[in-house]
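To start, the structure itself, in structure tokens.
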Amino acid sequence: MVKKIPRTMRGALSEKLMDCLLETKEGSTVPASLAKTILYYWQRDRLDTQAGLTNLLHATVIADPEKAAKIMYDMGLEEISIALRQV
Amino acid sequence: MMKSFGIEFVPMELFWRTTYYTVQAERLGYDSIWITDHFNNRNVYISLAVIANYTERIRLGPGVTNPYLVHPVMTAQSVASLNEVAPGRVICGIGAGDRTTLEMVDIEMKRPLRTVREAVEIIRRQMEREKGAYNGKVFVTSSGARFNFRTGEKVPIYIGAQGPKMLQLAGAIGDGALINASHPGDIEKAIKQIEVGAEKAGRGLEDIDVAAYTSFSVADDGKSAKKAVVPVVAYIVAGSPSSILEKHDISVEKAEKLRSDLANRRWGEAFGAVDGNMIDAFSICGSPEECTEKIDALFKTGITHFVTGSPLGPNVRASINMFGTQVLPHFKED
């Protein structure tokens, strides 16, 4: 799914997904191992890479699937947004 | 002494959020991170150990622990262990603690000056793996109470203080002092007490890293920053003795009403009673420009270290970023 996201959008998208993860009331649903993987990429400033975004998106879908889909839609990634709503 | 900047986190948040914010702060040039130690939040040393794993440079430690709930040999063990994970980066803040939290577990804050002094002595002895017994008036350890492991580099001990005698103690024995105040007038008076304590002990103020441990909030517009700091200020006003309130022209009756509203969870009334004067007395908040001006005034009183404490701002991530990019450079470029 992340492969379909244009590289130029990855930076802004990773910011929005991270904001969502930091603000959601369902943050505790993110598994510790996934949270640590995200920290690993954050430590290396690589959350906007394909691997970084894959983990961010995974965590956001777990914590707040509606918001994840909305973020994609708002960024013009409608196909991914629809796919996320079907997950 | 160089100007340095710290950030405080209360580990009420999930471990990965606090760690995320710390990595962000380190990248932006903050120098220290302090994690509060209250039994009703997540454990301070577990939080610090995780943070140590994801950071490289920032100094880190409890801010502050207390010797009533945690015996000083255990504090020494914790900071020594952390010093192995983050060599040379560990700092240790210790104070008498928070009376309200201690009362929840039926612990009386007896002889705070003596207790903190002895705790600091024991932590240092343990870190040095000193032989021989310690016979204090509050704490006693036998000659066998030594660590079975090497303790690494020296861990500077900062004493959290507000009252004149604790401030003097910080001046006498602390590597640093954490002044629990935000108003330049209060900080100035506190520094005088630290200096008195230092001189009595044959030291100088220049031997001590003097930190203002403030309630802080920054946002693009001052109004949002102030709104975010209101709950914190409400609790500070409610917990302040009348002498402090009177010094800031805050009505004692108003504070009592606020205390009662908070105790009865009447949040709207309690927070609605917080006015501009209270916010100015007990916090540093506003736009980046306003905060820069207020922090500048604090450095002019003689502090060497500025700590941004809760709530940081209406949006923690944005506020850390704003501080790091718009406030900090003003001082780091000096």
Side-chain angles (χ1 to χ4, degrees), chain A residues 2 5 8-72 74-75 84, chain B residues 7 9-30 33 35 40-43 46-60 85-86 89 217-220 224 227-228 310-325:
Chain A
V2 171
I5 300 168
T8 51
M9 295 177 83
R10 288 181 181 176
L13 181 61
S14 70
E15 292 283 312
K16 285 184 194 297
L17 293 174
M18 197 66 231
D19 271 336
C20 175
L21 283 174
L22 292 171
E23 296 300 318
T24 178
K25 287 180 180 161
E26 299 300 321
S28 60
T29 59
V30 176
S33 58
L34 180 55
K36 285 186 277 188
T37 306
I38 290 170
L39 288 174
Y40 171 90
Y41 284 102
W42 173 228
Q43 183 187 20
R44 286 155 183 79
D45 205 9
R46 291 174 62 82
L47 280 175
D48 58 354
T49 61
Q50 189 178 317
L53 266 178
T54 302
N55 286 290
L56 268 181
L57 185 58
H58 184 188
T60 314
V61 168
I62 290 170
D64 195 341
E66 276 301 309
K67 189 74 190 286
K70 187 177 183 309
I71 289 170
M72 294 298 173
D74 290 347
M75 291 197 72
L84 286 180
Chain B
I7 187 164
F9 289 111
V10 180
M12 276 162 43
E13 279 280 9
L14 293 157
F15 81 90
W16 53 266
R17 284 182 176 153
T18 309
T19 309
Y20 178 93
Y21 294 135
T22 307
V23 173
Q24 182 191 4
E26 179 178 68
R27 201 170 284 164
L28 287 163
Y30 284 78
I33 174 191
I35 301 283
N40 41 8
N41 291 324
R42 289 173 177 81
N43 180 271
I46 291 176
S47 304
L48 286 165
V50 175
I51 287 166
N53 275 328
Y54 288 94
T55 53
E56 298 294 329
R57 178 194 56 80
I58 203 162
R59 305 177 81 199
L60 67 172
V85 185
R89 291 201 280 142
S217 176
V218 66
D220 269 331
S224 313
K227 197 176 167 193
S310 302
L312 302 176
N315 177 300
V316 175
R317 184 181 182 218
S319 297
I320 293 171
N321 198 44
M322 206 172 284
F323 186 84
T325 57

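The basis for the numbers below is simple: all heavy atoms, side chains too, and nothing from hydrogens, waters or symmetry mates. Numbers restart at 1 for each chain; the letters A, B, ... are given by sequence-line order, proteins then strands.
For the atom pair A:L56 CG and A:L34 CG, the distance stands at 8.5 Å (nearest 0.5 Å). Of the inter-residue distances, the one linking B:R57 atom CZ with B:R89 atom CZ reads 9.0 Å to the nearest 0.5 angstrom. With rounding to the nearest 0.5 Å, the separation of CG in B:L28 from CD1 in B:I320 is 8.0 Å.
Only the side chain of B:R317 has a heavy atom closer than 4.5 Å to any heavy atom of chain A. Both the backbone and the side chain of A:L21 come within contact range of chain B, judged by heavy atoms closer than 4.5 Å. Only the side chain of B:E56 comes within contact range of chain A, with heavy atoms under 4.5 Å apart.
Looking only at heavy-atom pairs under 4.5 Å with chain A, the residue among B:V23, B:T19, B:V50, B:N53 that has the most is B:V23.
Both the sub-6.0 Å distance and the 45° axial angle are not jointly satisfied by B:R17 relative to the ring of B:F15.
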